[in-house]
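Here's the structure we're looking at; comments come further down.
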Amino acid sequence: MAHSGKFPVRTSNHMEFVDITDQVQQAVTGCGVTDGICTLFNPHTTAGLTINEGADPAVQSDLIGVLKKMVPPDYPYRHLEGNSPSHMMATLAGSSVTVLIEQGRLRLGTWQRIFFCEFDGPRNRKVWWKILHG
Ligand code: ZN
């Protein structure tokens with residue numbers, strides 16, 4: 001059996017990590033699924049999804065700082081929209097994550113949160129999700 005849907009993510013900065021864990025848990029709770037897996041998919045080409053530490057916001061700003069160092073702004077990109085670094089970062093972050101569901105809760109590590117990674121904001125974004133269960 002599967003349940004699926006989507007939820008909006010509004011970003012307010014050019015680069016930003018938005019904690020979407022509560023929205024994902026709401027989707028799980030709304031389905032009444034107690035045991036299964038939840039896959040999240042980001043349908044945008046200049047954004048990503050990742051799981052990382054949520055307790056210290058310095059981790060998110062460090063990730064943004066390191067991604068900016070990793071992706072050269074002055075590379076001779078052939079994509080001339082002006083947002084090529086954002087496309088590069090989207091691939092580095094990846095476009096989906098999967099989380100286990102046990103006892104009706106997302107089974108994340110103690111310090112883990114799920115983040116929508118904005119690399120070309122601010123924009124109105126969305127995340128698609130599907131829950132599979134027995
Ligand atoms: Zn582009």
Side-chain angles (χ1 to χ4, degrees):
M1 284 284 290
H3 301 266
S4 59
K6 62 184 175 186
F7 57 79
V9 180
R10 183 183 299 258
T11 64
S12 49
N13 292 294
H14 180 62
M15 288 184 68
E16 179 181 10
F17 280 39
V18 180
D19 187 335
I20 58 169
T21 312
D22 291 343
Q23 285 156 285
V24 180
Q25 181 61 56
Q26 280 169 22
V28 171
T29 303
C31 292
V33 172
T34 55
D35 192 89
I37 60 172
C38 178
T39 292
L40 306 173
F41 186 79
N42 153 45
H44 308 286
T45 61
T46 55
L49 289 171
T50 197
I51 295 175
N52 211 310
E53 167 158 346
D56 181 1
V59 174
Q60 296 144 49
S61 59
D62 285 345
L63 282 164
I64 288 171
V66 168
L67 284 167
K68 284 181 177 171
K69 285 277 188 188
M70 290 171 69
V71 177
D74 56 349
Y75 179 85
Y77 296 107
R78 296 174 65 191
H79 176 65
L80 297 176
E81 262 185 338
N83 62 354
S84 288
S86 309
H87 288 291
M88 305 302 112
M89 291 175 193
T91 280
L92 289 172
S95 56
S96 69
V97 297
T98 297
V99 183
L100 308 181
I101 301 165
E102 293 181 7
Q103 298 180 321
R105 307 289 303 174
L106 295 167
R107 188 168 185 197
L108 292 165
T110 303
W111 305 110
Q112 285 182 320
R113 302 288 287 181
I114 308 167
F115 292 97
F116 182 90
C117 313
E118 177 62 84
F119 300 127
D120 195 22
R123 292 181 190 239
N124 289 316
R125 304 292 206 172
K126 54 190 172 294
V127 171
W128 299 344
W129 56 269
K130 183 165 288 213
I131 293 169
L132 301 176
H133 63 101

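- Side-chain contact between Q23 and F116: absent, with no pair of heavy atoms (C-beta onward) separated by less than 4.5 Å.
- A pairwise comparison of heavy atoms in G48 and A93 identifies CA-CB, 4.1 Å as the closest pair.
- L49 and W128 end up in different hydrophobic clusters when Ile, Leu, Val, Met, Phe, Trp and Tyr side chains are linked at under 4.5 Å.
- A distance of 13.0 Å separates OG1 of T34 from CZ of R105, quoted to the nearest 0.5 Å.
- Taking OG1 of T45 as the reference point, atom CD of E81 lies at 7.5 Å (rounded to 0.5 Å).
- Residues W111 and A55 approach most closely at CE3-CB, 3.5 Å, considering heavy atoms.
- Atom CZ of R113 and atom CG of D19 lie 4.0 Å apart (nearest 0.5 Å).
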Worksheet entry | Intermediate values then yes/no, side-chain contact (heavy atoms from CB on, under 4.5 Å), N42 and V9 | CA-CA 10 Å; N42 153 45; V9 180; over 6 Å; no

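- Checked by atom type and distance alone, the side chain of T11 pairs as donor or acceptor with a backbone atom of R123 at under 3.5 Å.
- In plain terms, the two heavy atoms of F17 and L63 that are nearest each other are CE2-CD1, 3.6 Å.
- Under the 4.5 Å side-chain heavy-atom criterion for ILVMFWY residues, a single connected hydrophobic cluster contains both M15 and V59.
- One hydrophobic cluster, built from ILVMFWY side chains closer than 4.5 Å, holds both I51 and V28.
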Practice prompt. Decide yes or no on salt bridge (charged side-chain N to carboxylate O under 4.0 Å, His left out) for R107 and D35, but give the supporting numbers first.
Written response: CA-CA 10 Å; R107 188 168 185 197; D35 192 89; over 6 Å; no

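- Contact record, T21 with I114: OG1-N, 2.8 Å, taken as the closest heavy-atom pair.
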Worksheet entry | Trace of the side-chain contact (heavy atoms from CB on, under 4.5 Å) decision for D120 with H14 | CA-CA 5 Å; D120 195 22; H14 180 62; 3.3 Å; yes

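- Taking all atoms of both residues into account, the shortest heavy-atom contact from K6 to W129 is N-NE1, 3.4 Å.
- Note that CD1 of I131 is 7.0 Å distant from NE2 of H3, once rounded to the nearest 0.5 Å.
- When all heavy atoms of T46 and E118 are compared, the pair lying nearest together is O-OE2, 3.8 Å.
- Side chains of M89 and I64 form no contact here, defined as non-hydrogen atoms less than 4.5 Å apart.
- Here the side chains of T91 and H87 are not in contact, with every heavy-atom distance at 4.5 Å or above.
- Interatomic distance, CG of D56 versus OG of S61, reported as 8.0 Å (0.5 Å rounding).
- Residues E53 and Q60 have side chains not in contact (no heavy-atom distance under 4.5 Å, counting atoms from C-beta outward).
- At a threshold of 4.5 Å between side-chain heavy atoms, the hydrophobic network of Ile, Leu, Val, Met, Phe, Trp and Tyr places F115 and V97 in two separate groups.
- Residues Y77 and M88 have side chains in contact (heavy-atom distance under 4.5 Å, counting atoms from C-beta outward).
- In this structure the side chain of I101 never reaches within 4.5 angstrom of the side chain of H133, judged on heavy atoms.
- The line from CZ of F7 to CG of L40 is 6.0 Å long, rounded to the nearest 0.5 Å.
- Contact of the V127 side chain with the V24 side chain is not registered, since no non-hydrogen atoms from C-beta on lie closer than 4.5 Å.
- Other residues, nucleotides and ligands contribute at most 12 non-hydrogen atoms within 6.0 Å of the CD atom of Q103.
- Linking Ile, Leu, Val, Met, Phe, Trp and Tyr whenever their side-chain heavy atoms come within less than 4.5 Å leaves F119 and V18 in two separate clusters.
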